[in-house]
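On a predicted model such as this, the values are computed, not experimentally measured, just so you know. No hydrogens, no waters, no symmetry mates; every other heavy atom, side chains included, goes into these values.
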Amino acid sequence: MSRWKELPAELHVDVRQFIVRLRRLKDRSELSTRQLAAKSGYSARSWQRYLNGRSLPPPEAVEAMARIGSDDPTRLLVLHEIAAAQWAEGRVVTTGAPESTWARTPTEQQSSGRYPRALVTAGAVALVLSVSVALLLAVRLADARAQLADARAATVSAAPTIVSESLVPVIYTCRPEQRDGRWYAGLSRTTDAILAYTYVGPEVAEAQCLLRRAGIPPGDIDGVFGPKTQRAVERIQTRDGLVVDGVIGPHTWKALREAAPK
């Protein structure tokens, strides 16, 4: 497993989760940075910046990483858009600079009058970009939820539904059983699917069932990776000495599948 540098502390949690996801996909591919550059078309230096939180990759690089890591590009692009929105907001907040206090000549005062107008223009452009990203994100999330709702309806047709303000989740039924020393809840047999905050589907419900069986309540077994589920994941990662990132990967799946009931 790669030894990654610690991400900058000032990164927003959505940006951090997106970068952690990219790192896990690179680990899964078992490629070096140079090999990743050769397969993706983006330089090794670029990937070093992306994977260490110094800049965000473009959507094309995200799609390339999804292809290389055998991941769903739609889900990865949604995470990228969420991270991009937070990244843009962070850049707007830090663009301001304090005025100089030393005496200026009339010529300098006249020329400096252009800077406030430039800052206002830059702020307006950034605001328009943020609104555009938010609207695009809302459309993509709505499409993804509709597709996932159709898939869940096909696999869990007998389960009752509960209406909420943002989506129509499914209440799943846990059927825990042990096979070959591992626990399964009857919803998914995956051992390496990457699940993170905002994910929806039967794999999330499987993880919720296993968390509950391990004595760590994740909230409702609704297949929605929300705040309660994320906190439960962090608790079992802490308990088992894993990296505490709130993201379910192969190591966390192993802990869930092999955990003794509490």
Side-chain angles (χ1 to χ4, degrees), residues 1 13-14 16-18 20-21 23-25 27-28 69-72 75-76 78-79 141 144-145 147-262:
M1 186 174 181
V13 63
D14 292 333
R16 183 180 296 273
Q17 288 176 349
F18 172 67
V20 168
R21 181 69 179 278
R23 287 179 170 185
R24 288 183 178 274
L25 290 176
D27 288 342
R28 181 192 295 178
S70 300
D71 196 17
D72 182 357
R75 289 200 215 175
L76 195 59
V78 168
L79 285 181
L141 283 175
R145 283 170 176 163
Q147 294 174 2
L148 289 169
D150 292 341
R152 287 181 296 171
T155 56
V156 198
S157 58
T161 59
I162 297 176
V163 179
S164 67
E165 293 181 359
S166 58
L167 52 86
V168 181
V170 173
I171 295 299
Y172 292 82
T173 301
C174 300
R175 298 183 178 86
E177 62 176 345
Q178 191 174 27
R179 294 183 181 179
D180 300 326
R182 293 190 173 188
W183 286 92
Y184 299 90
L187 300 171
S188 173
R189 298 185 62 82
T190 182
T191 58
D192 58 2
I194 305 297
L195 304 178
Y197 188 70
T198 73
Y199 274 41
V200 181
E203 293 86 359
V204 177
E206 174 81 6
Q208 290 172 329
C209 289
L210 297 177
L211 284 165
R212 176 176 290 180
R213 194 199 64 81
I216 304 176
D220 293 333
I221 309 299
D222 55 6
V224 178
F225 202 124
K228 291 183 179 179
T229 301
Q230 186 178 43
R231 287 194 292 270
V233 171
E234 291 172 349
R235 285 180 59 189
I236 197 169
Q237 288 173 336
T238 301
R239 191 183 76 181
D240 287 23
L242 303 176
V243 175
V244 181
D245 56 9
V247 177
I248 299 177
H251 296 289
T252 305
W253 275 118
K254 185 175 185 294
L256 289 172
R257 298 280 186 207
E258 300 178 358
K262 301 295 182 180

Provide the closest heavy-atom pair for Ala185 versus Leu210 in the form atom of the first, atom of the second, distance. N-CD2, 4.5 Å

Would you indicate whether the side-chain heavy atoms of Leu79 and Thr198 approach each other to under 4.5 Å? yes

Side chain proximity check, Tyr172 to Glu206, heavy atoms < 4.5 angstrom: no

Between Trp253 (side chain) and Ala193 (backbone), is there a donor-acceptor pair under 3.5 Å? yes

Are side-chain heavy atoms of Leu211 and Leu256 found at a separation under 4.5 Å? yes

Smallest separation among heavy atoms of Arg257 and Ser188, with atom names: NH2-O, 3.1 Å

For the CD1 atom of Ile236 and the CD1 atom of Ile248, what is their distance to the nearest 0.5 Å? 9.0 Å

How many angstroms lie between atom CG of Leu187 and atom CZ of Arg175, to the nearest 0.5 angstrom? 7.5 Å

Supply the atom-to-atom distance Ile216 CD1 to Arg231 CZ, rounded to the nearest 0.5 angstrom. 13.0 Å

Which heavy atom of Pro217 sits nearest to which heavy atom of Arg235, and what is that distance? CD-NH1, 4.2 Å

Tell me whether Arg179 is salt-bridged to Glu177, with the criterion being a basic N under 4.0 Å from an acidic carboxylate O. yes

Distance from Arg212 atom CZ to Cys174 atom SG, nearest 0.5 Å? 6.0 Å

Closer than 3.5 angstrom, by distance alone: can the side chain of Arg182 be matched with the main-chain N or O of Glu258 as a donor-acceptor pair? no

Where do Val247 and Val20 come nearest, in terms of heavy atoms and distance? CG2-CG1, 4.3 Å

Side chains of Leu25 and Leu76, heavy atoms from C-beta outward: is any pair under 4.5 Å? yes

Please answer whether the main-chain N or O of Leu242 pairs with a side-chain N or O of Asp240 as donor and acceptor at a distance below 3.5 Å. no

Hey, is the main chain of Asp245 close enough, under 3.5 Å, to the side chain of Arg16 for a donor-acceptor pair? no

Can you check whether Gly246's main-chain N or O pairs, donor with acceptor, with Gln237's side chain at less than 3.5 Å? yes

I'd like to know if Asp71 pairs up with Arg24 as an ion pair, taking the criterion as any Lys NZ or Arg NE/NH1/NH2 lying under 4.0 Å from an Asp or Glu carboxylate oxygen. no

Only one of Arg28, Glu203, Arg75 passes side-chain contact (heavy atoms from CB on, under 4.5 Å) with Ile194; say which it is. Arg28

Can you see whether Asp222 engages Gln208 through a side-chain donor-acceptor pair at a distance of less than 3.5 angstrom? yes

Student check: side-chain heavy atoms of Tyr197 and Pro227 closer than 4.5 Å: yes

